[in-house]
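Just so it is clear, the structure is predicted and the values come from calculations on it, not from any experiment. Note that these values count all heavy atoms, side chains included, but never hydrogens, waters or copies made by symmetry.
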Amino acid sequence: MAQTQKQGTPEDRKPDEWEKDLNPQPMAGRNYGLEGTHPEKAGLNAYEVKELHSQLPGYTDDELKQITLLPRGSRLEEGATYLDLNDSEHREFTATGGMEVGSNNWYVPKTEVGYMLWNRLRGVQNPERLGKASGS
């Protein structure tokens with residue numbers, strides 16, 4: 001007669017007494033559900049940071065107000081796209097779990113900036129992608 005082994009499920013396991021010490025923020029960096037805060041909704045923008053005015057010459061006050069910044073110390077969402085205004089090349093990157101805004105970063109979340117403004121921040125030169133195409 002063959003023996004059958006009971007298959008356990010994650011709900012069956014007993015809580016580890018060290019789990020909270022080893023993993024105090026288990027949802028950190030995850031971008032699903034309603035867990036955690038959304039610092040990009042805090043309202044900080046490039047217009048409010050005077051040092052960015054010299055780094056973004058040629059942008060109007062209205063455009064600077066449309067560039068949302070994450071507050072320092074806030075966590076980035078895993079898999080989300082950002083660029084750092086303190087990076088002279090304004091390269092976009094995809095965040096990994098556990099990343100957060102450092103003291104030398106001005107991260108802009110792609111989801112919070114319009115398409116044409118995002119392309120301009122990235123240094124895209126194609127007029128059609130910047131909304132400046134001339135009619136034929």
Side-chain angles (χ1 to χ4, degrees):
M1 182 182 266
Q3 264 188 337
T4 59
Q5 187 175 9
K6 182 181 175 188
Q7 297 292 320
T9 62
E11 291 80 31
D12 291 341
R13 87 179 169 109
K14 294 180 182 174
D16 184 352
E17 66 180 289
W18 305 109
E19 185 67 29
K20 286 198 184 257
D21 291 331
L22 295 172
N23 195 7
Q25 297 179 333
M27 296 299 291
R30 307 250 172 112
N31 62 345
Y32 58 85
L34 299 175
E35 184 73 26
T37 61
H38 290 274
E40 68 276 10
K41 308 294 185 195
L44 185 63
N45 61 55
Y47 178 78
E48 297 170 302
V49 181
K50 298 304 176 197
E51 68 186 74
L52 292 177
H53 291 220
S54 61
Q55 291 181 26
L56 298 169
Y59 286 80
T60 66
D61 289 349
D62 285 339
E63 289 170 328
L64 292 172
K65 289 176 184 176
Q66 293 175 45
I67 301 171
T68 302
L69 303 170
L70 292 178
R72 298 207 164 136
S74 58
R75 288 195 178 264
L76 305 185
E77 291 189 19
E78 184 174 4
T81 303
Y82 300 88
L83 64 80
D84 186 356
L85 294 179
N86 275 347
D87 172 12
S88 61
E89 295 182 31
H90 293 183
R91 293 173 289 223
E92 68 178 48
F93 66 94
T94 302
T96 58
M99 291 179 75
E100 64 180 47
V101 181
S103 61
N104 293 321
N105 305 116
W106 287 116
Y107 288 148
V108 178
K110 185 175 184 177
T111 58
E112 299 299 313
V113 177
Y115 173 78
M116 288 181 270
L117 188 55
W118 177 262
N119 283 333
R120 186 170 168 205
L121 286 170
R122 288 185 44 234
V124 171
Q125 301 296 316
N126 182 338
E128 290 177 356
R129 293 183 65 195
L130 296 173
K132 298 179 182 178
S134 60
S136 298

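Residue pairs meeting the ring pair (Phe, Tyr, Trp, His ring centres under 6.0 Å) criterion with at least one partner in residues 53-73, sequence neighbours excluded, are Tyr47-His53. Applying the salt bridge (charged side-chain N to carboxylate O under 4.0 Å, His left out) test to residues at least two apart or on different chains, the pairs with a partner in residues 83-92 are Asp87-Arg91, Glu89-Arg91, Glu92-Arg122. Residue pairs meeting the salt bridge (charged side-chain N to carboxylate O under 4.0 Å, His left out) criterion with at least one member in residues 54-63, sequence neighbours excluded: Glu63-Arg120.
One distance of note links OH of Tyr107 with OG1 of Thr81; it measures 13.0 Å at 0.5 Å rounding. Interatomic distance, Lys65 NZ to Thr60 OG1, rounded to the nearest 0.5 Å: 9.0 Å. Note that CG of Leu117 is 12.5 Å distant from CD of Glu112, once rounded to the nearest 0.5 Å.
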For the pair Leu69 and Leu52, evaluate side chain to side chain contact (heavy atoms under 4.5 Å, CB included) and give the outcome as yes or no after the intermediate values. CA-CA 11 Å; Leu69 303 170; Leu52 292 177; 3.6 Å; yes
Determine whether Thr68 and Asn45 satisfy the following criterion, side chain to side chain contact (heavy atoms under 4.5 Å, CB included), listing intermediate values before the conclusion. CA-CA 4 Å; Thr68 302; Asn45 61 55; 5.6 Å; no
Kindly determine whether Tyr82 and Val101 satisfy side chain to side chain contact (heavy atoms under 4.5 Å, CB included), including the steps that lead there. CA-CA 11 Å; Tyr82 300 88; Val101 181; over 6 Å; no
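Between Phe93 and Leu76 the shortest heavy-atom distance is CE1-CD1, 3.9 Å. When every heavy atom of Leu44 is checked against every heavy atom of Pro71, the shortest pair comes out as CD2-CA, 4.2 Å. Nearest heavy atoms, Gln55 versus Leu85: OE1-O, 2.9 Å.
Using modelled atom types and a 3.5 Å distance limit, the side chains of Trp106 and Glu51 yield a donor-acceptor pair.
Contact of the Glu100 side chain with the Asn105 side chain is not registered, since no non-hydrogen atoms from C-beta on lie closer than 4.5 Å. A heavy-atom distance below 4.5 Å is found between the side chains of Leu56 and Ile67.
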